[in-house]
S.K.: 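Dropping a structure here in structure tokens format, bear with me for questions.
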Amino acid sequence: MTIHVPNIKLNDGLDIPAIGLGTYTLNGFAGVESIKSGIEIGYRLIDSAFNYENEGAVGRAVREASVPRDQLRICSKLPGRHHAYDKALRTIEESLLRADLDYFDLYIIHWPNPKQGKYVEAWQALIEAKKRGYVRSIGVSNFLPEHLDRIVAETGVAPSLNQVELHPYFEQAAQREANAKHGTITESWSPLGRGKGDGVLEAESVKAIAAEHGKTPTQIILRWHTQLGAVPIPKAGSREHQQENLDIFGFELTDEQMRTISAFSKDNKRLWNQDPAEYEEF
Ligand code: NAP
């Protein structure tokens with residue numbers, strides 16, 4: 001069965017699908033097979049990162065899957081240790097070499113690392129990488145509203161997307177609003193709270209919503225993301241989970257059901273205590 005996934009237009013004109021495949025821990029030959037399976041069943045947006053050490057697996061899956069390259073949206077991320085302008089450009093070149101691709105569709109700054117104070121430089125390097133044709137669209141990840149405001153004020157260029165922690169325990173209303181102010185799409189990392197979600201997938205209220213729609217709790221949570229206007233990128237290694245996660249476009253949650261799921265955010269909690277104002281990733 002082919003699932004129709006709607007597209008979303010980024011502020012620079014590039015279309016991306018409303019759901020993508022996370023790939024953290026999908027490495028090596030097994031990783032290639034999982035990512036290839038994802039592409040074959042309909043994922044067109046594939047998330048990766050220099051620091052996941054799987055750009056090679058992603059690139060191999062892209063070449064082996066029977067989907068034309070221009071229909072895919074491949075994303076990688078700049079690590080914190082390479083924010084300096086020249087290093088950032090060389091790192092993007094190295095990412096391309098690792099993946100053995102001619103270009104990335106998206107390249108994003110993985111974390112702002114504000115204490116290092118180099119994320120504006122990194123953003124200028126991404127702007128240059130786009131001019132050079134290394135990447136079609138540039139964005140950020142884990143940027144708080146003040147980080148977004150600063151790069152836009154200093155360069156005049158708004159990111160096409162901001163990939164942030166977002167799941168029912170952390171619905172990120174203020175962050176989503178700050179992204180929207182710049183025309184920046186919100187992408188949700190750990191959309192399932194890493195599959196455990198502190199119990200949200202087992203919660204009776206979510207099971208009841210799932211039963212009403214004839215869906216699984218996982219599908220309900222992923223649908224919640226898309227109705228918030230965010231793009232979830234669930235990681236799933238097995239074809240079964242990948243298929244289940246993609247099949248979320250034939251039904252609609254009511255406003256009340258949306259509120260029930262958002263209510264898990266009452267403590268507004270980052271599940272791994274990774275506040276971008278403090279947390280550093282190199
Ligand atoms: P996640 O997608 O919330 O959860 C992944 C876990 O859920 C895996 O253990 C997976 O198991 C399980 N799962 C997936 N589909 C399922 C289903 N239908 N039923 C039951 N279990 C299911 O967590 P994540 O990997 O942390 O986040 C997703 C992606 O976001 C990452 O892979 C990465 O690409 C990106 N990310 C970015 C950042 C950042 O700083 N920018 C940080 C974290 C993550 P199976 O594999 O066995 O299916």
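Atoms within each ligand, like the ligands themselves, are counted from 1 in listed order. Treat the numbers as computed from the prediction; the structure is a model and nothing was measured.
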S.K.: At under 4.0 Å between heavy atoms, is it the side chain or the backbone of T23 that contacts ligand 1, or both, or neither?
M.R.: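 Backbone only.
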
S.K.: Which option wins on minimum heavy-atom distance to atom 23 (O) of ligand 1: R194, E281, K77?
M.R.: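 Looking at heavy atoms only, the winner is R194.
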
S.K.: Under 4.0 Å from a heavy atom of G237: which atoms of ligand 1 are those, numbered in the order shown and with their elements?
M.R.: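 Heavy-atom distances to G237 below 4.0 Å select 45 (P), 46 (O), 48 (O).
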
S.K.: Please determine which of T254, I221, I220 meets the side-chain contact (heavy atoms from CB on, under 4.5 Å) test together with I209.
M.R.: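 Answer to the side-chain contact (heavy atoms from CB on, under 4.5 Å) test with I209 among T254, I221, I220: I220.
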
S.K.: Salt-bridged, K181 to D149, with N to O below 4.0 Å?
M.R.: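 Result for this pair is yes, salt bridge flagged.
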
S.K.: Which bit of E244 is near ligand 1, meaning a heavy atom under 4.0 Å away: side chain, backbone, both or neither?
M.R.: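 For E244, only side-chain atoms sit under 4.0 Å from ligand 1.
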
S.K.: Give the numbers and elements of all ligand 1 atoms closer than 4.0 Å to a heavy atom of Q163.
M.R.: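 So the atoms of ligand 1 that pass are 35 (C), 36 (N), 37 (C), 38 (C), 39 (C), 41 (N).
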
S.K.: Of the side chain and backbone of P191, name the one, both, or neither that has a heavy atom under 4.0 Å from an atom of ligand 1.
M.R.: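 For P191, backbone and side-chain atoms both sit under 4.0 Å from ligand 1.
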
S.K.: Less than 3.5 Å between some nitrogen or oxygen of L192 and one of ligand 1, yes or no?
M.R.: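 Yes; the residue has a nitrogen or oxygen that sits under 3.5 Å from a nitrogen or oxygen of the ligand.
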
S.K.: Have a look at W272, Y52, W111, Y24 and point out the one with the heavy atom closest to atom 37 (C) of ligand 1.
M.R.: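 The residue whose heavy atom sits nearest atom 37 (C) of ligand 1 is Y52.
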
S.K.: If the threshold is 4.0 Å, N to carboxylate O, is there a salt bridge linking D12 and R136?
M.R.: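 No, no charged N to carboxylate O under 4.0 Å.
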
S.K.: Find out whether T216 and E244 are in side-chain contact, i.e. whether some heavy atom of one side chain is under 4.5 Å from a heavy atom of the other.
M.R.: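 Side-chain contact under 4.5 Å: yes.
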
S.K.: Tell me whether S37 contacts the main-chain N or O of E33 through its side chain, where contact means a donor paired with an acceptor under 3.5 Å.
M.R.: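 Looks like no, no N/O pair under 3.5 Å.
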
S.K.: Return the orientation label for the W111 and Y279 ring planes: parallel under 30°, perpendicular over 60°, tilted otherwise.
M.R.: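 Geometry flag for Y279 against W111: tilted rings.
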
S.K.: Using the ring of Y119 (Phe, Tyr or Trp, six-membered ring only), decide whether R150 places NZ or CZ under 6.0 Å from its centre and within 45 degrees of its axis.
M.R.: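 Yes, a cation-pi geometry.
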
S.K.: Number the atoms of ligand 1 from 1 as they appear, then name those within less than 4.0 Å of a heavy atom of G22, with their elements.
M.R.: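 Checking each atom against G22, I get 29 (C), 32 (O), 34 (O).
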
S.K.: Can you tell which of Q243, K235, H167 gets a heavy atom nearest to atom 12 (C) of ligand 1?
M.R.: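 Minimum heavy-atom distance to atom 12 (C) of ligand 1 goes to K235.
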
S.K.: Could you go through K36 and V62, starting from their C-alpha distance and side-chain angles, then the distance that decides it, and tell me whether this counts as side chain to side chain contact (heavy atoms under 4.5 Å, CB included)?
M.R.: CA-CA 7 Å; K36 205 162 68 172; V62 167; over 6 Å; no

S.K.: Which of the atoms of ligand 1 are close to H110, meaning less than 4.0 Å from one of its heavy atoms?
M.R.: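 Listed by number with element: 39 (C), 40 (O), 41 (N).
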
S.K.: In terms of atom number and element, which parts of ligand 1 are under 4.0 angstrom from non-hydrogen atoms of P234?
M.R.: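 Listed by number with element: 2 (O).
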
S.K.: Of the backbone atoms (N, CA, C, O) and the side-chain heavy atoms from C-beta on, which set of L201 has a member under 4.0 Å from an atom of ligand 1: side chain, backbone, both, or neither?
M.R.: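 No part of L201 is near ligand 1 at this cut-off.
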
S.K.: As a test of understanding, state which of N11, T184, I185 forms a side-chain contact (heavy atoms from CB on, under 4.5 Å) with P159.
M.R.: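 When N11, T184, I185 are each tested with P159, the side-chain contact (heavy atoms from CB on, under 4.5 Å) holds only for T184.
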
S.K.: For atom 35 (C) of ligand 1, which candidate among T25, L246, D47 provides the closest heavy atom?
M.R.: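 Residue with the shortest heavy-atom distance to the ligand atom: D47.
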
S.K.: Quick check on contacts: which atoms of ligand 1 are under 4.0 angstrom from a heavy atom of A236?
M.R.: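 Reading through ligand 1 atom by atom, the close ones are 14 (C), 15 (N), 46 (O), 48 (O).
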
S.K.: Under 3.5 Å, side chain of S265 to main-chain N/O of E171, donor-acceptor pair present?
M.R.: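 A pair under 3.5 Å: yes.
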
